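Shown next, in structure tokens, is the structure this report addresses.
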Amino acid sequence: MINMTFFARILALPVRAYRLIFSPWVGFNCRYQPTCSAYALESLEKHGAVKGTWLSLRRIGRCHPLGGDGYDPVPGSDPQHETEQKSKSQG
């Protein structure tokens, strides 16, 4: 059986190609921090092929003129920030 990490690495190849080839031409116009490509790579690494792809597609879908902006980490990547957000919403 093939390891799911293998699929995540295969899915990361087009993202890495984008960052290498197209990203320098497009320039820095990102609405979110981290960028969508960095978010995709991190989500694939942390959550695997299926969930990482889903999270990446959701993030790209939010990246439009009427969407949000600002700091948007991969779920489970920044426990300190998530704790702060939960305490703000509860208080």
Side-chain angles (χ1 to χ4, degrees):
M1 174 135 196
I2 298 176
N3 189 350
M4 291 303 285
T5 306
F6 173 75
F7 288 120
R9 288 183 181 173
I10 295 298
L11 290 170
L13 290 176
V15 178
R16 292 185 191 283
Y18 165 80
R19 292 182 89 181
L20 182 67
I21 298 168
F22 296 110
S23 185
W25 291 358
V26 175
F28 187 78
N29 298 318
C30 300
R31 304 179 65 81
Y32 291 104
Q33 189 64 359
T35 63
C36 290
S37 59
Y39 185 97
L41 291 173
E42 186 177 349
S43 67
L44 287 167
E45 178 184 325
K46 288 189 182 291
H47 297 289
V50 176
K51 187 173 180 181
T53 299
W54 171 246
L55 290 170
S56 300
L57 291 174
R58 276 186 40 209
R59 169 68 175 280
I60 292 169
R62 290 192 309 263
C63 191
H64 55 81
L66 300 176
D69 61 358
Y71 182 64
D72 181 28
V74 174
S77 65
D78 190 0
Q80 177 64 32
H81 185 265
E82 288 178 8
T83 303
E84 290 172 3
Q85 292 295 86
K86 286 180 185 176
S87 65
K88 286 180 183 178
S89 66
Q90 292 174 355

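In this text, all values refer to a predicted model and were calculated from it rather than measured experimentally. Values below: every heavy atom of this structure, side chains too, minus hydrogens, waters and symmetry copies.
Side-chain heavy atoms closer than 4.5 Å link hydrophobic residues (I, L, V, M, F, W, Y) into clusters, and following such links, possibly through other members, connects F6 to V50.
Of all heavy-atom pairs spanning S56 and A40, the tightest one is OG-CA, 3.2 Å. In plain terms, the two heavy atoms of P73 and P34 that are nearest each other are CA-CD, 4.3 Å.
Atom CG of L44 is separated from atom CG of L13 by 10.0 Å, given to the nearest 0.5 angstrom.
Listed by first and then second residue, the side-chain hydrogen bond (donor to acceptor under 3.5 Å, both in side chains) pairs involving residues 18-40 are R19-S37, T35-S37 (not counting sequence neighbours).
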| request: Decide side-chain contact (heavy atoms from CB on, under 4.5 Å) for V74 and E45; before the verdict, give the C-alpha distance in whole Å, the side-chain angles of both, and the deciding distance to 0.1 Å. | output: CA-CA 10 Å; V74 174; E45 178 184 325; over 6 Å; no
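In this structure a side-chain-to-backbone donor-acceptor pair under 3.5 Å is missing from H47 to G76.
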